[in-house]
Amino acid sequence: MKGLKRSHYTNDLSKAEIGAEVTLTGWVQRRRDHGGLIFVDLRDRFGLVQVVFSPDQQQEAFAKAEDLRKEYVIAIVGEVAKRPEGTINPDLATGEIEINVQELRILDSAKTPPVQIDGEKKVGEDLRLKYRYLDLRRPEMQENLILRHKVMKKVRDFMDQKHFLEIETPMLTRSTPEGARDYLVPSRVNAGKFYALPQSPQLFKQLLMVSGLERYFQIAKCFRDEDLRADRQPEFTQIDIEMSFMNQEKIMSLMEELIKELLAEVGITDVGEFTRLSYAEAMERYGSDAPDLRFALELVDISEIVAEAEFNVFSGTVESGGQVKGINAKGCADFSRKDLDELTEYVGIYGAKGLAWIALREDGINSPITKFLSEEELTGIIEEMEAEEGDLLLFVADQPKVVAAALSNLREKLAVELELIDEDEFNFAWVTDFPLVEADEEEGRFVSLHHPFTAPKDEDIELLTEDPAQVKAKAYDLVLNGVEIGGGSLRIHNRELQEQIFEILDLSPAEIEEKFGFLLEAFDYGAPPHGGIAFGLDRLVMLLGGLDTIRDVIAFPKTQNATCLLTEAPSNIDQEQLEELNLEIDIEEEDLL
RNA sequence: GGGGAUGUAGUAGAGCUGGUCUACAACACCGGCCUGUCACGCCGGAGGUCGCGGGUUCAAAUCCCGUCAUCCCCGCCA
């Protein structure tokens, strides 16, 4: 490109530049060859501009333009010209002008791309991922990455302004017993030992508080070796924040300020009040600790009404410690048997053994269960659920966990099908007062709901010894449109309490010392009260962009099988590398393909 | 580990109650024509192991079994 230096980006150009000589570079989006005249749409990161090759202008450039194909990389020198009368393209930002080319240089030719870059047709995701560098040429994808950049930039500006320091923490760290499965990295120098990639910088940020940095943040890569979902990747990014000498209220209001500024940055200003819900209330009313508050369809507990019912599915469940809850699907009394079968199958995914229903139709009540209910019980249900003619009442009877999972998901499914969701709304809610621990039936012990460093509420400290399950935590989650986008807590900052929690989690003193000795020791040297929060950057950007998967806001994401179709990672490695690390592969040769 | 959906030219689809399927048109591609197009147009052309393997059958893109890949979900994700 000797001697040719870009003078403008495509979208810099407007009527103001008419007559100017400009040098542009970019990709050929499309070529329209009219024989005696060739139009090329030149694309750069900022947009498109039409460049015109005409033998009247420049014979040599015109001849060369005959060879141009899609995605060729070119540089042109030409004059900005007003488009002739009647040829203005109102759909194009630069549609009032065009470039009459004097000189064309082909900087690189290109094979016909396997995915269409300018097309509206959607391409299979496997191909998009294999040719991710081409997929990322699409303006939609570039906009997603730009949005992500803007959010990150705003985070840094905001945090800096609030006196936070961005501090990096190690990627090679030690494995911790609680939490997700670790990604492990073998140590060559220390044969037989492993580093773990961080699930989050949790311990380091707490140590930074002990160090007296007071306000820390980091846009941190985190790694969790668990199965993937539309909103879960094995490596993802957290906006990680920690501060000293703050109470929960101050942290939450500072974070609201941050979130509002982030939204304003991307043009979303009509954000309502952040709702506050206790965990207990969220579970009671929505069956979820991350409820979508853009619509109602609240869960109603009718356990008491049907406790003595002849209908054994209800009364028997209540008797054995379960509950019966329902949703009033307004105006759905005309659902067909097939619709109802489908919903029943749907709640089955979440472990519900059935879905009872009462349809309040014009010609009376239609239901397979009302014959087992007394007049009084039926009236009680209808009253409790504020049901009227035209409504469909749907019930699940089971253990509270199953009822919550089934009905919270049913609630969301109904909201989508009944079009109750305003897609433009950004509805934030804080969920607070989480239980500190919950019983893990499989392992027969308590496990932390958040993580083991979360502080219990002061008034519940006495309960720690008697009934740990009743202890509430100084923890808070931020939920946006039914998606958990962040969570945090005040931390324990003294050794005694932290040791007590570890004991409740059934960690032996030896284990505690081995795994967390360094943290407890740090607390012996003057640890300030501290707390923080971490936001899932990918999820946040996904929601701001109105997207369905975080893959669309990650430049090079993995497939659901945690592979990279572009680089074909993970891959086999040389025997030599294994030997250097003192590792042996213990699977059959033929499986190692 | 489990449930579900999808897999047909480069791409996205139709065909899939088995037989004129020698697999269809579209977009893209290649060639020709065209000086005002902008999803340019017109004419012509090339392009397919119907994901892969096996089975049923006189006959399989179509039915059955297995397998692989991608996606959605359950489990899992402090």
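Within every chain, numbering begins at 1; the chains are lettered A, B, ... in the order of the sequence lines, protein sequences first and strands thereafter.
In this structure, A/D231 atom CG and B/C71 atom P are separated by 14 Å, rounded to whole Å. Distance A/D126 CG to B/A12 P: 8 Å, rounded to the nearest Å. Whole-Å rounding puts the A/E66 CD to B/U35 C1' distance at 12 Å. Regarding A/D548, its CG atom lies at a distance of 10 Å from the P atom of B/C72, rounded to whole Å. What separates CG of A/L37 from P of B/C38 is a distance of 13 Å, to the nearest Å. At whole-Å resolution of the value, CD1 in A/I99 and C1' in B/U37 are 16 Å apart. To the nearest angstrom, P of B/C40 lies 11 Å from CG of A/N89.
Counting non-hydrogen atoms under 4.0 angstrom, A/E98 reaches a base of the nucleic acid. Residue-level contact check: A/T559 touches the backbone only, with heavy atoms under 4.0 Å from sugar-phosphate atoms and none from bases. Among the atoms of the strands shown, only primed sugar atoms or phosphate atoms (P, OP1, OP2) are found under 4.0 Å from some heavy atom of A/L565.
Between A/P452 and A/Q560, it is A/Q560 whose nearest contact on RNA chain B lies nearer the 5' terminus. Between A/E226 and A/I349, the residue anchored nearer the 5' end of RNA chain B, judged by the nucleotide with its closest heavy atom, is A/I349.
When both pairing distances are held under 3.5 Å, B/C21 makes no Watson-Crick or G-U pair with any nucleotide shown. As the counterpart of B/C40, no nucleotide is assigned, since no Watson-Crick or G-U wobble pattern has both distances under 3.5 Å. Using N1 to N3 plus N6-O4 or O6-N4 for Watson-Crick, or N1-O2 and O6-N3 for G-U wobble, each under 3.5 Å, B/G66 pairs with B/C52.
B/G18 and B/A59 have their P atoms separated by 15 Å, given to the nearest Å. Between B/C50 and B/C33, the distance separating the two C1' atoms is 36 Å to the nearest Å. On the C1' atoms, B/U8 is 14 Å away from B/A25, given to the nearest whole Å. A distance of about 15 Å separates the P atoms of B/A9 and B/G53, rounded to the whole Å. Distance check on atom P: B/A61 versus B/G7 gives 16 Å, rounded to whole Å. Comparing the P positions of B/C40 and B/G3 gives an interatomic distance of 47 Å, to the nearest angstrom. Comparing B/C52 with B/A39, their P atoms are spaced 37 Å from each other, to the whole Å.
Ring pair A/F39/A/H34: centre-to-centre distance below 6.0 Å.
Remark: side-chain polar atoms of A/K325 are not paired, donor with acceptor, to backbone N or O of A/L407 under 3.5 angstrom.
The side-chain tip of A/K472 does not point at the ring of A/F434 from less than 6.0 angstrom away and within 45° of straight on.
Of the residues in residues 40-56 of chain A, A/D41, A/Q50, A/P55, A/D56 come within less than 4.0 Å of RNA chain B through at least one heavy atom, sorted by number.
Residue A/R32 has a polar side-chain atom (N or O) positioned under 4.0 Å from OP1 or OP2 of B/C40. Under 4.0 angstrom from either OP1 or OP2 of B/A28 there lies no side-chain N or O belonging to A/K70.
In this pair, A/H451 and A/F453 present their aromatic rings tilted. The plane angle is within the 30 to 60° band.
With sequence neighbours excluded, the residues satisfying side chain to side chain contact (heavy atoms under 4.5 Å, CB included) with A/D225 are A/R181, A/Y183.
The residue from A/Q206, A/E242, A/Q498 that alone fulfils the side chain to side chain donor-acceptor pair (under 3.5 Å) condition with A/R491 is A/E242. The only option from A/E98, A/R30, A/Q29 that meets the side-chain contact (heavy atoms from CB on, under 4.5 Å) definition with A/Q50 turns out to be A/E98.
B/C34 has no base stacking with the ring of A/H34 when judged by centroids under 5.5 angstrom apart and an interplanar angle below 30°.
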